[in-house]
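All values reported here derive from a predicted model rather than from experimental measurement.
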Amino acid sequence: MKLSELISKLKITATAGPADVDITDVNIDSRRVKPGHLFVAIRGTQTDGHQYIAKAIEQGAAAILCEEMPQQQADGVAYIQVPSTEAAVGIVATTFHCSPSEHFQLVGVTGTNGKTTIATLLFHLFRRLGHKCGLLSTVCNYIEDEPIPASHTTPDPIELNTLLERMAQEGCEYVFMECSSHAIAQQRIGGLTFAGGIFTNLTRDHLDYHKTVENYRNAKKQFFDMLPKGAFAITNADDKNGLFMVQNTKATVKTYSVRQMADFRARIIECHFEGMYLEIDGREVGVQFIGKFNVSNLLAVYAAAIMLGKQPEEVLVVMSTLKSVAGRLEPIRSPEGWTAVVDYAHTPDALENVLRAIHEVLDGKGHVITVCGAGGNRDKGKRPLMAQEAVKQSDRVIITSDNPRFEEPQDIINDMLAGLDAKQMKKVLTIADRREAIRAAAMMAQKGDVILIAGKGHEDYQEIKGVKHHFDDREEVRKIINS
């Protein structure tokens, strides 16, 4: 592709070097640059891409997109200066990959909790309705049956558009995508055309990056601000930020609720560990999920399907066959009669929701033992709040290690304990070794009890000092049961 075509949609402040060159690919990592590539120098949170312009040229870059022109410029290399390379890279990547999101219906899901569940269920729902689909999620990306490992909730713009182009080439009609606050703030989804967006909820998370809840909330809102006229914006009326998210959108706004009047409504008729009977917009349906928060998730799925033109009856029939996403309220039963529930809950709100769902099913019969920790090198402010939430709704709590990264596990545990008073501490054990913590919970559990193992869900590793060691909560529980 000619450079002139590639940058035609950008606001350019200056150029230097050849007027036009052929571009064979676009890259933001100088180590991956090959002859003919356009290198985009981005000022990241860790490093500044402008420091690697010389390296990119050494690797064969034909053109450089930058915010600041290098003082020394190489012969035969084109330089394009723009106000923000972060804003430009998504547009460039989309253009290079032939605007893939214009070839299918792209739906984005954003919010603190529920993104993975909603996006994944929509993917399975529309596949069972006979459509070719793609999925971009925290757990794994999919093009139909083909799994593509996910390194981030939302990939960088180059990887993202490469995947989307493949989805278009494979004939996908619908693509469902998690949109993280990082991705929105860093404009990784810039240049994409969305058919619709869904807002789940907003609670404290990622303040290590966003610094304030307001910044975090506004990053989510940017997604709805960018939705075009003709798209839909489905928002959770039960969340205090639900209407704020869509107040400036050009899209058609629809609301969903399990507590109040809304465009789409649901209520629980019966609840068991095997699932629930729900009433959705006046129609009854049995689903293989538990918890009010999952009612909200399923309602968002239903609303999106209706907004994408599906009939209520056909949607509900397929919804009754769907199963929970891996590591989301995933039950594992023991021969002794206790149940372990593995869940990804890693925020105070998510922990509250999962524990509440467990109590709804237990209905006062049996005890709850919670095993949880908090991730290292992340928002420290939520650590004591998570401990408080665990203690509030559990009979016993074991605080343990959960991806300590470059922090000491005991330091993270101490941060969690700082939120508890002497009375609450009587419920708590601390076991830094996660394997031993799970084993201790199993030894405590009696018939009818539930062990919640929270924080990691689908993850099959523990990240310690920059190294990922294999560790899967579900595997550990099954080993204990089998032994």
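For the pair Ile198/Leu122, a side-chain contact is recorded, criterion being any heavy-atom separation below 4.5 Å from C-beta on. Put simply, the side chain of Tyr256 reaches to within 4.5 Å of the side chain of Asn236, judged on heavy atoms. For the pair Lys254/Phe232, no side-chain contact is recorded, criterion being any heavy-atom separation below 4.5 Å from C-beta on. For the pair Val315 and Leu125, the minimum side-chain heavy-atom distance is below 4.5 Å. Taking the side chain as every heavy atom from C-beta outward, Thr162 and Glu159 never approach each other to under 4.5 Å. Side-chain contact check for Leu10 versus Leu65: some heavy-atom pair is nearer than 4.5 Å. Between Lys479 and Glu476 there is a side-chain heavy-atom pair separated by less than 4.5 Å. For the pair Glu173 and Cys133, the minimum side-chain heavy-atom distance is 4.5 Å or more.
Between Pro157 and Gly90, the shortest heavy-atom contact is CB-CA, 3.9 Å. Ala62 approaches Ile23 most closely through the heavy-atom pair CB-CD1, 4.3 Å. Contact record, Ala56 with Ile64: CB-CD1, 4.5 Å, taken as the closest heavy-atom pair. Listed here is the closest heavy atom pair of Gly327 and Arg474: N-NH1, 3.9 Å. Listed here is the closest heavy atom pair of Thr24 and Phe96: O-CZ, 3.2 Å. Taking both residues in full, the closest heavy atoms of Phe39 and Ala61 are given as CB-CB, 4.4 Å, listed atom of the first, atom of the second, then distance.
For Glu284, the side chain to side chain contact (heavy atoms under 4.5 Å, CB included) partners at least two apart in sequence or on another chain are Ile269. Residues passing the side chain to side chain contact (heavy atoms under 4.5 Å, CB included) test with Arg166, sequence neighbours excluded: Ile143, Glu146, Ile148, Gln169, Glu170. For Asp48, the salt bridge (Lys or Arg N to Asp or Glu O under 4.0 Å) criterion is met by Arg43, not counting sequence neighbours. In this structure Lys2 satisfies the salt bridge (Lys or Arg N to Asp or Glu O under 4.0 Å) test together with Asp22, sequence neighbours excluded. Residues passing the side chain to side chain contact (heavy atoms under 4.5 Å, CB included) test with Lys292 are Ile268, Glu360, sequence neighbours excluded. Contacts of His458 classified as ring pair (Phe, Tyr, Trp, His ring centres under 6.0 Å), with partners at least two apart in sequence or in another chain: Tyr344. Checked against side chain to side chain donor-acceptor pair (under 3.5 Å), Asn482 has no partners two or more places apart in sequence or in another chain. Evaluation of the ring pair (Phe, Tyr, Trp, His ring centres under 6.0 Å) rule for Phe176 yields Phe126 as partners, not counting sequence neighbours. With sequence neighbours left out, Phe223 forms a ring pair (Phe, Tyr, Trp, His ring centres under 6.0 Å) with Phe194.
For the atom pair CD1 (Ile358) and CG (Leu452), the distance works out to 4.5 Å, reported to the nearest 0.5 Å. Separation of atoms CD (Gln311) and CG (Leu316) is listed at 11.0 Å; rounding is to 0.5 Å. Atoms CG and OG1, from Leu6 and Thr95 in turn, are 6.0 Å apart once rounded to the nearest 0.5 Å. Here the straight-line distance linking atom OG of Ser101 with atom CG of Leu160 works out to 9.0 Å at 0.5 Å rounding. Once rounded to the nearest 0.5 Å, the distance linking OG of Ser324 with CG of Asn297 reads 9.5 Å. To the nearest 0.5 angstrom, Thr235 atom OG1 is 9.0 Å from Asn241 atom CG.
Note on Arg283 versus Glu313: salt bridge recorded, some NZ/NE/NH1/NH2 to OD/OE distance being below 4.0 Å. Salt-bridge check for Lys323 with Glu274: failed, with every basic side-chain N at 4.0 Å or more from each acidic carboxylate O. Salt bridge Glu463/Arg434: absent, no basic N to carboxylate O contact under 4.0 Å.
Figure legend: Arg217 and Phe244 shown as a cation-pi pair, the cationic atom lying under 6.0 angstrom from the six-membered ring centre and within 45 degrees of its axis.
Sorted by first and then second residue, the pairs that involve residues 119-129 and meet side chain to side chain donor-acceptor pair (under 3.5 Å), not counting sequence neighbours, are Arg127-Glu144, Arg127-Asp145, Arg128-Thr321. Within the structure, the side chain to side chain donor-acceptor pair (under 3.5 Å) test picks out the following pairs touching residues 3-18 (sequence neighbours left out): Ser4-Asp20.
More than 12 heavy-atom neighbours from other residues, nucleotides or ligands sit within 6.0 angstrom of CZ on Arg333.
In summary, the side chains of Asn218 and Asn215 do not present any donor paired with an acceptor at a separation below 3.5 Å, with no hydrogens or angles considered. Residues His37 and Gln59 have side chains that never bring a donor and an acceptor to within less than 3.5 angstrom of each other. Checked by atom type, the side-chain pair Glu178/Thr138 shows a donor-acceptor distance below 3.5 Å. A side-chain donor from one of Asn248 and Lys221 sits under 3.5 Å from a side-chain acceptor of the other. Between the side chains of Asp349 and Asn113, a donor-acceptor pair is found at a separation under 3.5 Å. A donor-acceptor contact under 3.5 angstrom links the side chains of Tyr216 and Thr112, judged on distance only. Under 3.5 Å, the side chains of Asp402 and Gln462 contain no donor-acceptor pair of N or O atoms.
The main-chain N or O of Ala266 is never found under 3.5 Å from a side-chain atom of Glu279 such that the two would form a donor-acceptor pair. Distance alone, capped at 3.5 Å, is enough to place a donor-acceptor pair between the Arg259 side chain and the Asp238 backbone. For Thr249 (side chain) and Asp225 (main-chain N/O), no donor-acceptor pair under 3.5 Å exists by modelled atom type. Not a single donor-acceptor pair under 3.5 Å links the side chain of His97 to the backbone N or O of Thr94. In this structure, the side chain of Asp156 does not engage the main chain of Arg188 through any donor-acceptor pair within 3.5 Å. The backbone N or O of Ala454 sits nowhere less than 3.5 Å from a side-chain atom of Asp343 that would complete a donor-acceptor pair. Glu330 places no side-chain N or O within 3.5 Å of a backbone atom of Val342 that could act as its donor or acceptor partner. Using a distance-only test at 3.5 Å, with no hydrogens or angles considered, a donor-acceptor pair links the side chain of Thr110 to the main chain of Cys179. Between the Ser137 side chain and the Cys140 main chain, a donor and an acceptor come within less than 3.5 Å of each other. No donor-acceptor pair under 3.5 Å is formed between the side chain of Lys220 and the backbone N or O of Ser180.
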Going by atom type alone, with no hydrogens or angles, which donor-acceptor pairs under 3.5 Å involve a side-chain atom of residues 298-310 and a protein atom two or more places apart or on another chain?
unit_1, atom_1, unit_2, atom_2, d
Lys310, NZ, His131, NE2, 2.6

Next on the checklist: Between Glu165 and His103, does the side-chain hydrogen bond (donor to acceptor under 3.5 Å, both in side chains) criterion hold? Intermediate values first, please.
Outcome noted: CA-CA 9 Å; Glu165 185 179 30; His103 298 280; over 6 Å; no
Checklist entry - Going through the distances and angles, do Asp460 and Glu475 end up as a side-chain contact (heavy atoms from CB on, under 4.5 Å)? => result CA-CA 9 Å; Asp460 60 0; Glu475 282 182 15; 5.8 Å; no
